[in-house]
Amino acid sequence: MSTRDKRPAPGQPRRSSGVALGVLGIMLLAFFAIVFMLGRPSYRHQFEEFIHHPFDPHPIGIDKRHKDTPLTDIKADAGTTTVASSTKTETEKKSSGGTAATPSPSPSPSPSPSPKAEEKKAEAKVEEKKAEEKKAEEKPKETAVAKKGEDDEDDDGKITELDTKYKPTREMVQKIAQNGYLMVTWANYHYFDFVKTWVTHVKRVGVTGYIVGAMDDHLLKEMIKLEYNCFSMKSGLTLGDFGWGSATFAKMGREKIRLISIFLKLDVNVVIADVDVLWLRNPLPYFERYPEADILTSSDNMANTVKDESLEKWPDAGAAANIGIMLFRKKSLDFVEKWIEIIEADDKVWDQNAFNDLFRRGVRSLEPPNKNLFLGYDGTLTMGILPVSIFCSGHTMYVQRLGQRLGLQPYAVHGTFQFSGTPGKRHRMREFMLYDDPPAYYDHPVGFVSFDLDGLPELLKNAGPATNGFGLDNVQGHFKLVNHELQRLRQAFAISSVITGRALVMPELWAGLDRWWAPHSGRIPGAHFDLPFVCPLDHILDLENGMARKFPEDHYGPATDFREYSFFNNSRMTPAVRDNKVVVEVCAAANKPGCSDGSKPAQLLTEGGVKKVKIAPGLDNVALAKALSDPVVKAAKVLHFTTMAGFDFPRAFKDADTGKRFTERMKLYGSIWCCVLAHPGHIHYDLLWDMPHTDKFQRVWNGTWETKTGP
């Protein structure tokens with residue numbers, strides 16, 4: 001009898017191989033159907049629209065993706081020693097788990113422990129927890145009042161007399177509240193500059209009912225000196241930067257939600273706003289338009305569903321609520337307490353996800369409809385989504401400029417959807433002239449270099465999506481544009497930092513494609529705005545691990561001090577700096593009459609009231625320094641170059657070591673574009689793309705650059 005003719009004996013189960021093969025066949029058919037559909041442009045477009053962005057990876061603004069990590073010597077293949085960071089950027093970390101990067105190899109699974117071993121392990125954990133609790137009870141000093149005068153810069157988390165004095169009370173809160181509203185934020189000393197900017201904006205728009213929570217005594221004392229409305233929320237977390245996604249970050253989020261509960265119990269309506277939220281108009285009259293709303297929240301929705309200041313339409317604006325800007329009225333207290341209960345029960349639950357899950361529970365429309373409000377939290381609370389055009393995310397404000405396009409004036413902007421941590425948030429605020437810098441920022445001991453970007457009109461024509469697809473063929477025009485800008489920036493960095501010792505004022509940079517954390521065909525799915533566009537600096541350059549980070553100058557050469565493109569337009573800029581300018585005209589040809597060849601100082605001219613010098617193109621660093629050595633030129637606060645075309649740094653450095661150090665620095669400044677539909681899908685920007693070099697990943701380029709994904 002053949003094997004297939006055998007039948008199971010009575011009482012034995014029948015084989016299910018036929019069923020299994022059938023299921024496998026159906027699965028294979030489904031797989032090939034999906035592959036076929038995604039290969040067709042129409043279905044690929046639908047796939048892109050289907051991708052849902054459930055959360056903003058950097059919602060709070062007090063994230064730390066960079067650390068002051070020691071630099072480690074790494075031996076290159078060629079036998080040279082390069083210096084590189086021992087940590088990856090957060091963008092690379094995020095990419096490593098998804099479409100945008102090569103997955104890390106997983107370790108082999110360990111053998112499963114036996115049930116008895118698991119029981120013993122669980123019992124041991126219980127005993128360990130009891131021992132820890134007993135130990136905590138035996139250490140009352142952890143909550144004891146510290147001695148007066150203790151050094152708060154070495155804050156050890158103990159409750160001080162100052163903390164007790166500035167504990168929030170009903171009397172304190174009612175005295176500060178403005179028409180029953182209290183606007184709340186919080187931070188530690190690391191974010192003191194953000195706190196000052198936040199309070200400056202709050203006061204400027206007429207909000208007096210605000211209060212700032214200090215997570216350490218150092219910040220508390222500084223705010224008391226400035227007479228800010230403040231209170232102690234001694235958290236014992238950290239005096240430094242919060243790492244996004246870290247345990248400290250998660251605990252910080254829990255502190256925020258407890259604040260909402262505390263102040264609701266003190267009988268005020270709570271407006272909670274992260275410290276990277278900038279208030280541009282007084283929102284309290286807006287909130288008064290919706291007295292029936294128990295909760296109003298900002299959103300990560302990419303597009304507006306209304307063209308005026310109305311609340312967004314639900315469920316059309318169905319993206320994740322962003323908890324960076326929220327209003328809570330007294331009736332929402334039960335919701336907040338449940339929210340706290342959920343996140344305290346599981347430290348792996350993200351506070352924003354928990355909020356979204358709760359408010360969507362039993363969500364339904366109001367009957368009859370009323371002001372785009374809806375019912376959430378099992379129909380017990382009236383809720384609304386703040387309009388994304390005027391309560392802006394980092395994308396609707398800094399990228400789409402949605403309010404401007406609609407003719408609306410934003411109430412607030414939250415520093416989300418950006419790619420360079422805290423330095424990236426700070427720089428975006430500066431680009432829009434919203435950051436509270438001291439007067440010294442608008443001057444420099446030597447001065448500034450600025451320049452005009454040439455060649456943009458032709459490059460912009462083809463910089464947008466070529467195919468509206470997900471492949472490399474869609475991004476070629478974008479990279480031609482950005483690479484051109486990077487080459488000009490490299491020359492400007494060399495002239496400003498190495499040759500003249502000045503700060504570089506960045507030009508407006510253009511991009512043909514948006515940037516995201518997943519594959520897209522030109523814009524974040526759901527967003528609608530024109531391409532190409534003037535993009536934030538963090539779309540192209542790495543600020544947190546490159547430009548804003550300190551590197552040893554003996555290996556990387558002088559640091560590159562820089563300013564935002566709107567720098568000279570800021571009202572804080574003084575005429576004494578802005579108008580003390582010499583234009584450096586770079587001649588079209590080396591032999592043009594009147595153009596300095598660098599053998600002596602260029603002749604200082606005055607044309608139309610503008611001081612000017614003319615220099616030949618292609619000068620090396622020694623000749624260029626000589627051409628700019630006239631005392632009036634050296635004393636000018638601004639040297640404005642008509643172009644950076646014609647320079648060839650680092651190859652034009654006479655000293656090979658100077659060129660090598662500059663090259664090493666430039667390797668660290670490029671960020672990434674993300675993403676095509678591939679594994680990995682991101683492409684690194686390279687400021688050295690047009691010359692032979694070995695990049696920061698030890699990849700050898702012969703001077704012919706191409707779009708390569710990864711590593």
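The backbone N or O of Thr658 lies less than 3.5 Å from a partner atom in the side chain of Asp655, making a donor-acceptor pair. With hydrogens and angles ignored, the 3.5 Å screen pairs a side-chain donor or acceptor of Thr197 with a backbone N or O of Asp436. Under a 3.5 Å cut-off, the side chain of Trp689 and the backbone N or O of Trp705 do not form any donor-acceptor pair. A donor-acceptor pair under 3.5 Å links the side-chain atoms of Asp216 to the main chain of Tyr189, judged by distance alone. Counting only distance, with no hydrogens or angles, the side chain of Arg490 and the backbone of Met666 share no donor-acceptor pair below 3.5 Å. Judged by distance alone, with hydrogens and angles left aside, the side-chain atoms of His201 form a donor-acceptor pair with the main-chain N or O of Leu434 at under 3.5 Å. Looking at Asp630, its side chain never comes within 3.5 Å of a backbone N or O of Ala602 through a donor-acceptor pair. Between the side chain of Ser566 and the backbone N or O of Arg430, at least one donor-acceptor pair lies under 3.5 Å. Looking only at distances, no side-chain donor or acceptor of Ser420 sits under 3.5 Å from a matching main-chain atom of Asp542. A donor-acceptor pair under 3.5 Å is formed between the side chain of Thr185 and the backbone N or O of Val275.
Looking at Val586 and Ile615, their side chains come closer than 4.5 Å, going by heavy atoms from C-beta outward. Leu541 places a side-chain heavy atom less than 4.5 Å from the side chain of Leu687. Residues Tyr441 and Arg572 form no side-chain contact, since every pair of their non-hydrogen atoms from C-beta on lies 4.5 Å or further apart. Contact of the Ile499 side chain with the Phe653 side chain is registered, since non-hydrogen atoms from C-beta on lie closer than 4.5 Å. Residues Ile495 and Thr500 have side chains in contact (heavy-atom distance under 4.5 Å, counting atoms from C-beta outward). Side-chain contact between Lys696 and Tyr669: absent, with no pair of heavy atoms (C-beta onward) separated by less than 4.5 Å. For the pair Trp510 and His484, the minimum side-chain heavy-atom distance is 4.5 Å or more. Taking 4.5 Å as the limit, every side-chain heavy atom of Val388 sits out of range of all side-chain heavy atoms of Ser393.
The two residues Val638 and Ser450 come nearest to each other via the heavy atoms CG1-OG, 3.9 Å. Closest of all the heavy-atom pairs between Ala187 and Leu219 is O-CD2, 3.3 Å.
The pair Arg488-Glu485 does not meet the salt-bridge criterion, since no charged nitrogen lies less than 4.0 angstrom from a carboxylate oxygen. Salt-bridge annotation for Arg428 and Glu431: absent, with no side-chain N of the basic residue lying under 4.0 Å from a carboxylate O of the acidic one.
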Between Glu664 and Arg661, is the salt bridge (charged side-chain N to carboxylate O under 4.0 Å, His left out) condition met? List the steps.
CA-CA 5 Å; Glu664 290 303 312; Arg661 286 191 292 269; over 6 Å; no

Would you check, one step at a time, whether the test salt bridge (charged side-chain N to carboxylate O under 4.0 Å, His left out) holds for Glu458 with Lys461?
CA-CA 5 Å; Glu458 284 301 313; Lys461 290 179 182 178; 2.7 Å; yes

Could you please spell out the steps behind the side-chain hydrogen bond (donor to acceptor under 3.5 Å, both in side chains) verdict for His684 and Asp695?
CA-CA 10 Å; His684 286 269; Asp695 68 18; over 6 Å; no

Please assess Val399 against Phe417 for the test side chain to side chain contact (heavy atoms under 4.5 Å, CB included), listing each intermediate value before the final yes or no.
CA-CA 9 Å; Val399 176; Phe417 289 93; over 6 Å; no

With side-chain hydrogen bond (donor to acceptor under 3.5 Å, both in side chains) as the criterion, how do Thr422 and Glu544 come out once you've worked through the C-alpha distance, each side chain's angles and the decisive distance to 0.1 Å?
CA-CA 7 Å; Thr422 303; Glu544 63 171 341; over 6 Å; no

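Between atom CZ of residue Arg699 and atom CG of residue Asp686 there is a gap of 7.5 Å, rounded to the nearest 0.5 Å. Here the CD1 atom belonging to Ile540 is positioned 9.5 Å from the CG atom belonging to Asp538, to the nearest 0.5 angstrom. From Met429, atom CE reaches atom CE of Met397 across 10.5 Å, with rounding to the nearest 0.5 Å. To the nearest 0.5 Å, the span separating CG on Leu453 from CG on Leu489 amounts to 6.5 Å. For the atom pair CG of Asn483 and NE2 of His478, the computed distance is 8.5 Å after rounding to the nearest 0.5 Å. Interatomic distance, CD1 of Ile672 versus CD1 of Ile683, reported as 9.5 Å (0.5 Å rounding).
In summary, the side chains of Ser497 and Arg665 do not present any donor paired with an acceptor at a separation below 3.5 Å, with no hydrogens or angles considered. Under 3.5 Å, the side chains of His218 and Asn188 contain no donor-acceptor pair of N or O atoms. A side-chain N or O of Asp514 and one of His395 form a donor-acceptor pair less than 3.5 Å apart.
The aromatic rings of Phe529 and Phe533 sit perpendicular, their planes meeting at an angle over 60°, well past the 30° parallel limit. Ring geometry for Trp673 versus Phe479: interplanar angle over 60°, hence perpendicular rather than tilted (30 to 60°).
Each of Tyr435, Phe419, Phe562 was compared with His427 under the ring-ring contact (aromatic ring centres under 6.0 Å, His included) criterion, and only Phe562 meets it.
Within a 6.0 Å sphere centred on NZ of Lys203, other residues, nucleotides and ligands contribute more than 12 heavy atoms. Around NZ of Lys637, the count of heavy atoms belonging to other residues, nucleotides or ligands within 6.0 Å exceeds 12. Open room surrounds CD on Glu227; 12 or fewer heavy atoms of other groups in view lie less than 6.0 Å from it. Within 6.0 Å of CD on Glu553 lie more than 12 heavy atoms contributed by other residues, nucleotides or ligands.
Centroid-to-centroid, the aromatic rings of Phe649 and Phe662 stay 6.0 Å apart or farther.
For the pair Arg502 and Phe448, the NZ or CZ position fails the cation-pi test of under 6.0 Å to the six-membered ring centre and within 45 degrees of the ring normal.
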